[in-house]
2 protein chains.
Amino acid sequence: MKIGELAKLTGCSVQSIRHYEKEKLLASLRRSDGNFRLYDSATVDQLKFIKHCRSLDLSLAEIRQLIELNQQPGMGCEDVNRMIDSHIEQVALRINELQDLQDKLMALRNSCASQSTVKECGILQTLSVTQK
Amino acid sequence: MKIGELAKLTGCSVQSIRHYEKEKLLASLRRSDGNFRLYDSATVDQLKFIKHCRSLDLSLAEIRQLIELNQQPGMGCEDVNRMIDSHIEQVALRINELQDLQDKLMALRNSCASQSTVKECGILQTLSVTQK
DNA sequence: CCTAAACTCTATGGTAACTATAGAGTCAAG
DNA sequence: CTTGACTCTATAGTTACCATAGAGTTTAGG
(Lines give C-alpha, C1' and ligand atoms only; values in the text may rest on other atoms or scores of the structure.)
Protein backbone atom coordinates (compact mmCIF):
# COMPACT_ATOMS: atom_id res chain seq x y z
CA MET A 1 0.00 0.00 0.00
CA LYS A 2 1.08 3.59 -0.56
CA ILE A 3 1.48 6.28 2.03
CA GLY A 4 -1.98 7.76 1.58
CA GLU A 5 -3.68 4.49 2.41
CA LEU A 6 -1.42 3.94 5.39
CA ALA A 7 -2.32 7.39 6.61
CA LYS A 8 -6.02 6.65 6.30
CA LEU A 9 -5.68 3.29 8.06
CA THR A 10 -3.77 4.69 11.01
CA GLY A 11 -5.14 8.20 11.29
CA CYS A 12 -1.67 9.69 10.95
CA SER A 13 -1.02 12.44 8.46
CA VAL A 14 1.14 11.67 5.44
CA GLN A 15 3.69 14.17 6.65
CA SER A 16 3.86 12.60 10.09
CA ILE A 17 4.63 9.25 8.53
CA ARG A 18 7.42 10.70 6.45
CA HIS A 19 8.64 12.50 9.55
CA TYR A 20 8.72 9.28 11.59
CA GLU A 21 10.69 7.66 8.83
CA LYS A 22 13.24 10.46 8.83
CA GLU A 23 13.49 10.09 12.60
CA LYS A 24 14.18 6.36 12.22
CA LEU A 25 10.98 5.22 13.89
CA LEU A 26 9.88 3.22 10.88
CA ALA A 27 12.09 0.52 9.43
CA SER A 28 13.64 1.12 6.05
CA LEU A 29 11.13 0.45 3.36
CA ARG A 30 10.61 -0.56 -0.22
CA ARG A 31 9.90 1.86 -3.00
CA SER A 32 7.90 1.42 -6.15
CA ASP A 33 9.37 1.98 -9.60
CA GLY A 34 8.12 5.53 -9.45
CA ASN A 35 9.85 6.00 -6.07
CA PHE A 36 6.67 5.81 -4.02
CA ARG A 37 6.92 4.39 -0.52
CA LEU A 38 5.36 0.94 -0.20
CA TYR A 39 4.05 -0.44 3.09
CA ASP A 40 2.53 -3.65 4.41
CA SER A 41 0.39 -4.54 7.40
CA ALA A 42 3.42 -4.76 9.69
CA THR A 43 3.95 -1.05 9.18
CA VAL A 44 0.36 -0.43 10.13
CA ASP A 45 1.02 -2.09 13.48
CA GLN A 46 4.30 -0.24 13.96
CA LEU A 47 2.60 3.03 13.26
CA LYS A 48 -0.25 2.27 15.63
CA PHE A 49 2.30 1.54 18.32
CA ILE A 50 3.89 4.90 17.67
CA LYS A 51 0.54 6.62 17.71
CA HIS A 52 -0.36 4.98 20.97
CA CYS A 53 2.90 6.17 22.49
CA ARG A 54 2.38 9.67 21.16
CA SER A 55 -1.08 9.77 22.72
CA LEU A 56 0.78 9.28 26.00
CA ASP A 57 3.03 12.20 25.11
CA LEU A 58 6.14 10.09 24.85
CA SER A 59 8.74 11.85 22.74
CA LEU A 60 9.95 10.43 19.46
CA ALA A 61 13.30 9.78 21.12
CA GLU A 62 11.62 7.78 23.85
CA ILE A 63 9.57 5.86 21.33
CA ARG A 64 12.69 5.06 19.35
CA GLN A 65 14.21 3.70 22.53
CA LEU A 66 11.15 1.55 23.21
CA ILE A 67 11.31 0.15 19.71
CA GLU A 68 14.95 -0.74 20.17
CA LEU A 69 14.25 -2.37 23.51
CA ASN A 70 11.42 -4.29 21.96
CA GLN A 71 13.92 -5.88 19.63
CA GLN A 72 15.82 -7.44 22.52
CA PRO A 73 13.13 -9.71 23.98
CA GLY A 74 15.45 -11.39 26.45
CA MET A 75 16.58 -8.30 28.29
CA GLY A 76 15.02 -7.06 31.48
CA CYS A 77 12.47 -4.34 31.06
CA GLU A 78 13.57 -2.10 33.91
CA ASP A 79 14.42 0.60 31.39
CA VAL A 80 10.87 0.57 30.14
CA ASN A 81 9.57 0.89 33.66
CA ARG A 82 11.98 3.66 34.42
CA MET A 83 10.95 5.60 31.36
CA ILE A 84 7.29 5.42 32.23
CA ASP A 85 7.96 6.30 35.85
CA SER A 86 9.93 9.37 34.95
CA HIS A 87 7.25 10.33 32.50
CA ILE A 88 4.61 10.08 35.17
CA GLU A 89 6.75 12.25 37.38
CA GLN A 90 7.15 14.90 34.71
CA VAL A 91 3.45 15.01 34.05
CA ALA A 92 2.75 15.36 37.75
CA LEU A 93 5.20 18.23 37.93
CA ARG A 94 3.59 19.95 35.00
CA ILE A 95 0.14 19.55 36.50
CA ASN A 96 1.35 21.21 39.68
CA GLU A 97 2.88 24.06 37.75
CA LEU A 98 -0.30 24.61 35.82
CA GLN A 99 -2.37 24.54 38.97
CA ASP A 100 -0.20 27.23 40.50
CA LEU A 101 -0.58 29.18 37.32
CA GLN A 102 -4.33 28.70 37.44
CA ASP A 103 -4.45 30.14 40.95
CA LYS A 104 -2.42 33.14 39.94
CA LEU A 105 -4.55 33.76 36.89
CA MET A 106 -7.75 33.55 38.94
CA ALA A 107 -6.40 36.04 41.44
CA LEU A 108 -5.40 38.32 38.61
CA ARG A 109 -8.81 38.01 37.02
CA ASN A 110 -10.49 38.94 40.27
CA SER A 111 -8.53 42.15 40.48
CA CYS A 112 -10.62 43.72 37.74
CA ALA A 113 -14.28 44.63 37.83
CA SER A 114 -15.51 43.90 34.34
CA GLN A 115 -16.82 47.36 33.54
CA SER A 116 -13.60 49.23 34.07
CA THR A 117 -11.46 51.29 31.74
CA VAL A 118 -7.94 50.40 30.78
CA LYS A 119 -6.61 53.11 33.03
CA GLU A 120 -8.32 51.66 36.07
CA CYS A 121 -8.03 48.03 35.10
CA GLY A 122 -6.98 46.03 38.10
CA ILE A 123 -5.40 43.41 35.89
CA LEU A 124 -3.05 45.79 34.17
CA GLN A 125 -2.25 47.43 37.49
CA THR A 126 -1.48 44.12 39.06
CA LEU A 127 0.72 43.13 36.16
CA SER A 128 2.65 46.36 36.52
CA VAL A 129 3.46 45.74 40.15
CA THR A 130 6.78 44.12 40.74
CA GLN A 131 6.37 40.71 42.17
CA LYS A 132 8.84 38.58 43.99
CA MET B 1 22.59 51.47 31.64
CA LYS B 2 23.70 48.81 29.22
CA ILE B 3 21.99 45.54 28.47
CA GLY B 4 24.01 43.48 30.92
CA GLU B 5 23.00 45.63 33.85
CA LEU B 6 19.38 45.59 32.75
CA ALA B 7 19.56 41.82 32.59
CA LYS B 8 20.93 41.64 36.11
CA LEU B 9 18.33 44.04 37.46
CA THR B 10 15.41 42.17 35.95
CA GLY B 11 16.60 38.61 35.97
CA CYS B 12 16.10 38.32 32.21
CA SER B 13 18.87 37.01 30.01
CA VAL B 14 20.57 39.37 27.62
CA GLN B 15 19.26 37.32 24.71
CA SER B 16 15.72 37.52 25.98
CA ILE B 17 15.92 41.29 26.13
CA ARG B 18 17.18 41.50 22.58
CA HIS B 19 14.49 39.04 21.59
CA TYR B 20 11.75 41.16 23.18
CA GLU B 21 13.06 44.17 21.33
CA LYS B 22 12.93 42.33 18.01
CA GLU B 23 9.39 41.28 18.85
CA LYS B 24 8.44 44.91 19.50
CA LEU B 25 7.77 44.46 23.18
CA LEU B 26 10.27 47.11 24.17
CA ALA B 27 10.05 50.61 22.80
CA SER B 28 12.71 51.77 20.40
CA LEU B 29 15.78 52.80 22.24
CA ARG B 30 18.90 54.87 22.26
CA ARG B 31 22.29 53.60 21.34
CA SER B 32 25.69 54.63 22.57
CA ASP B 33 28.42 55.84 20.24
CA GLY B 34 29.69 52.31 20.08
CA ASN B 35 26.21 51.07 19.14
CA PHE B 36 25.42 49.60 22.55
CA ARG B 37 21.80 49.61 23.67
CA LEU B 38 21.13 52.14 26.42
CA TYR B 39 18.27 51.78 28.88
CA ASP B 40 16.73 53.73 31.74
CA SER B 41 14.59 52.82 34.71
CA ALA B 42 11.41 52.95 32.64
CA THR B 43 12.70 49.99 30.69
CA VAL B 44 13.29 48.13 33.91
CA ASP B 45 9.61 48.51 34.71
CA GLN B 46 8.56 47.53 31.22
CA LEU B 47 10.68 44.45 31.38
CA LYS B 48 9.36 43.49 34.78
CA PHE B 49 5.87 43.79 33.40
CA ILE B 50 6.82 41.45 30.59
CA LYS B 51 8.44 39.04 32.98
CA HIS B 52 5.39 39.03 35.18
CA CYS B 53 3.21 38.26 32.18
CA ARG B 54 5.56 35.50 31.05
CA SER B 55 5.42 33.93 34.49
CA LEU B 56 1.69 33.61 33.81
CA ASP B 57 2.50 31.95 30.51
CA LEU B 58 1.06 34.74 28.42
CA SER B 59 2.51 34.62 24.92
CA LEU B 60 4.62 37.43 23.56
CA ALA B 61 1.77 38.25 21.19
CA GLU B 62 -0.63 38.57 24.09
CA ILE B 63 1.80 40.70 26.02
CA ARG B 64 2.26 42.96 23.02
CA GLN B 65 -1.49 43.36 22.92
CA LEU B 66 -1.61 44.23 26.61
CA ILE B 67 1.07 46.85 26.13
CA GLU B 68 -0.86 48.39 23.29
CA LEU B 69 -4.05 48.40 25.33
CA ASN B 70 -2.19 49.97 28.19
CA GLN B 71 -1.41 52.91 25.96
CA GLN B 72 -5.09 53.71 25.49
CA PRO B 73 -6.09 54.47 29.07
CA GLY B 74 -9.59 55.66 28.22
CA MET B 75 -10.79 52.51 26.55
CA GLY B 76 -12.74 49.80 28.30
CA CYS B 77 -10.69 46.89 29.49
CA GLU B 78 -13.02 44.11 28.37
CA ASP B 79 -10.33 42.88 26.01
CA VAL B 80 -7.95 42.44 28.89
CA ASN B 81 -10.54 40.51 30.83
CA ARG B 82 -11.34 38.38 27.83
CA MET B 83 -7.71 37.52 27.30
CA ILE B 84 -7.23 36.42 30.87
CA ASP B 85 -10.48 34.47 30.83
CA SER B 86 -9.53 32.58 27.72
CA HIS B 87 -6.12 31.94 29.18
CA ILE B 88 -7.66 30.49 32.31
CA GLU B 89 -9.81 28.30 30.14
CA GLN B 90 -6.85 27.02 28.16
CA VAL B 91 -4.93 26.22 31.30
CA ALA B 92 -7.92 24.36 32.72
CA LEU B 93 -8.18 22.37 29.52
CA ARG B 94 -4.53 21.49 29.62
CA ILE B 95 -4.77 20.40 33.23
CA ASN B 96 -7.62 18.07 32.35
CA GLU B 97 -5.68 16.63 29.45
CA LEU B 98 -2.68 16.00 31.64
CA GLN B 99 -4.80 14.38 34.29
CA ASP B 100 -6.25 11.98 31.74
CA LEU B 101 -2.74 11.31 30.57
CA GLN B 102 -1.65 10.69 34.13
CA ASP B 103 -4.38 8.10 34.59
CA LYS B 104 -3.40 6.33 31.40
CA LEU B 105 0.25 6.31 32.33
CA MET B 106 -0.51 4.90 35.76
CA ALA B 107 -2.60 2.12 34.25
CA LEU B 108 0.18 1.40 31.80
CA ARG B 109 2.73 1.33 34.57
CA ASN B 110 0.64 -1.14 36.52
CA SER B 111 0.59 -3.53 33.61
CA CYS B 112 4.20 -4.52 34.20
CA ALA B 113 5.66 -6.33 37.17
CA SER B 114 9.05 -4.76 37.67
CA GLN B 115 11.12 -7.90 37.35
CA SER B 116 9.98 -8.91 33.89
CA THR B 117 11.85 -9.30 30.63
CA VAL B 118 11.25 -7.17 27.59
CA LYS B 119 9.44 -10.03 25.93
CA GLU B 120 6.92 -10.33 28.73
CA CYS B 121 6.79 -6.66 29.61
CA GLY B 122 3.20 -5.68 30.16
CA ILE B 123 3.95 -2.12 29.20
CA LEU B 124 5.28 -2.99 25.78
CA GLN B 125 2.45 -5.42 25.25
CA THR B 126 -0.12 -2.83 26.18
CA LEU B 127 1.47 -0.29 23.88
CA SER B 128 1.30 -2.78 21.03
CA VAL B 129 -2.42 -3.35 21.40
CA THR B 130 -4.56 -1.21 19.18
CA GLN B 131 -6.57 1.19 21.20
CA LYS B 132 -9.68 3.12 20.31
C1' DC C 1 49.80 53.70 26.32
C1' DC C 2 48.76 49.26 25.48
C1' DT C 3 46.79 45.09 26.05
C1' DA C 4 43.78 41.62 27.85
C1' DA C 5 39.42 40.73 29.81
C1' DA C 6 34.81 41.63 29.84
C1' DC C 7 31.22 43.24 27.44
C1' DT C 8 28.42 44.13 23.36
C1' DC C 9 26.99 43.72 18.46
C1' DT C 10 24.62 41.02 14.40
C1' DA C 11 23.49 36.92 12.23
C1' DT C 12 22.71 32.20 12.23
C1' DG C 13 21.38 27.59 13.74
C1' DG C 14 19.20 24.70 17.13
C1' DT C 15 15.13 23.07 20.04
C1' DA C 16 10.06 19.47 19.21
C1' DA C 17 6.95 17.55 16.33
C1' DC C 18 5.09 18.41 13.19
C1' DT C 19 2.18 21.59 9.29
C1' DA C 20 2.20 23.98 5.04
C1' DT C 21 4.02 25.10 0.73
C1' DA C 22 6.45 24.96 -3.82
C1' DG C 23 7.71 22.71 -7.75
C1' DA C 24 8.25 18.49 -9.86
C1' DG C 25 7.24 13.73 -10.99
C1' DT C 26 3.86 9.40 -11.20
C1' DC C 27 -0.21 7.07 -12.04
C1' DA C 28 -5.17 5.89 -13.24
C1' DA C 29 -9.30 6.90 -15.65
C1' DG C 30 -11.86 8.84 -19.42
C1' DC D 1 -3.41 12.01 -24.08
C1' DT D 2 -4.82 14.81 -20.78
C1' DT D 3 -6.64 15.79 -16.38
C1' DG D 4 -6.87 15.03 -11.57
C1' DA D 5 -5.33 12.64 -7.65
C1' DC D 6 -1.48 11.18 -5.61
C1' DT D 7 3.39 11.19 -4.43
C1' DC D 8 8.20 12.94 -4.20
C1' DT D 9 11.97 16.20 -2.04
C1' DA D 10 13.24 20.29 0.04
C1' DT D 11 12.27 24.28 2.55
C1' DA D 12 10.06 27.54 5.73
C1' DG D 13 7.15 28.27 9.64
C1' DT D 14 5.51 27.47 14.49
C1' DT D 15 7.30 29.34 20.02
C1' DA D 16 10.42 31.61 23.04
C1' DC D 17 14.13 31.54 23.58
C1' DC D 18 19.60 29.47 24.01
C1' DA D 19 24.09 28.83 21.96
C1' DT D 20 27.59 30.02 18.94
C1' DA D 21 30.70 32.53 15.71
C1' DG D 22 33.11 36.34 14.47
C1' DA D 23 33.57 41.02 15.03
C1' DG D 24 33.73 45.46 17.41
C1' DT D 25 33.80 48.34 22.11
C1' DT D 26 35.01 49.47 26.57
C1' DT D 27 37.52 49.31 30.87
C1' DA D 28 41.01 48.21 34.17
C1' DG D 29 45.68 47.07 35.12
C1' DG D 30 50.62 47.05 34.30
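In what follows, chains are A, B, ... by sequence order, proteins preceding strands, each numbered from 1.
A:Gln102 and B:Ala92 make their closest contact through NE2-CB, 3.4 Å (heavy atoms, listed as atom of the first residue, atom of the second, distance). The two residues A:Glu21 and A:Leu29 have their closest heavy-atom pair at OE1-CD2, 3.6 Å.
For the pair A:Met1 CE and D:dC6 P, the interatomic distance rounds to 16 Å; values are reported in whole Å. The CD1-P distance, from B:Ile3 to D:dC17, rounds to 14 Å in whole Å. In this structure, CD of A:Glu21 is placed 12 Å from P of D:dA10, rounded to the nearest angstrom. Note: CD (B:Glu62) to C1' (D:dT15) measures 12 Å, nearest angstrom. Between B:Leu26 atom CG and D:dC17 atom C1' there is a gap of 14 Å when expressed in whole angstrom units.
Residues B:Asn70 and A:Leu127 form no side-chain contact, since every pair of their non-hydrogen atoms from C-beta on lies 4.5 Å or further apart. Side-chain contact check for B:Ile63 versus B:Tyr20: every heavy-atom pair is 4.5 Å or farther apart. In this structure, A:Leu124 and A:Lys119 have side chains that are not in contact, with every pair of non-hydrogen atoms separated by 4.5 Å or more. Side-chain contact check for A:Met1 versus A:Val44: some heavy-atom pair is nearer than 4.5 Å. Residues B:Gln125 and B:Ser111 form no side-chain contact, since every pair of their non-hydrogen atoms from C-beta on lies 4.5 Å or further apart. With a 4.5 Å cut-off on side-chain heavy atoms, A:Asn81 and A:Ile84 do not count as touching. Within the 4.5 Å cutoff, no side-chain heavy atoms of B:Asp85 are placed close to those of B:Glu89. Side-chain contact between B:Arg37 and B:Arg18 is present, with at least one heavy-atom pair separated by less than 4.5 Å.
By the side chain to side chain donor-acceptor pair (under 3.5 Å) test, A:Asp33 is found to be paired with no residue, residues two or more places apart in sequence or in another chain being considered.
Base-pairing analysis of DNA chain C finds the following stems of at least three consecutive Watson-Crick or G-U pairs, with both pairing distances under 3.5 Å: C:1-30 with D:1-30.
A salt bridge does not link A:Arg54 to A:Glu23: none of the charged nitrogens lies less than 4.0 Å from a carboxylate oxygen. The pair B:Lys8-B:Glu5 does not count as a salt bridge, with every side-chain nitrogen at least 4.0 angstrom from each carboxylate oxygen. Checked for salt-bridge contact, B:Arg82 and B:Asp79 meet the test: a charged N lies under 4.0 Å from a carboxylate O.
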Each nucleotide N or O in nucleotides 24-27 of chain D that has a protein N or O under 3.5 Å away: list the pair and distance.
unit_1: D:dT26; atom_1: OP1; unit_2: B:Gly34; atom_2: N; d: 3.2

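Remark: A:Leu101 CG to B:His87 NE2 distance equals 6.0 Å, nearest 0.5 Å.
The footprint of chain A on DNA chain C, defined by a heavy-atom cutoff below 4.0 Å, extends from C:dA17 to C:dC27.
Taking a 4.0 Å limit (strictly below) on heavy-atom distances, residues 91-102 of chain B does not reach DNA chain D anywhere. Using a 4.0 Å cutoff on non-hydrogen atoms, the parts of residues 11-20 of chain A near DNA chain C are A:Ser13, A:Gln15, A:Ser16, A:His19, A:Tyr20, ordered by number.
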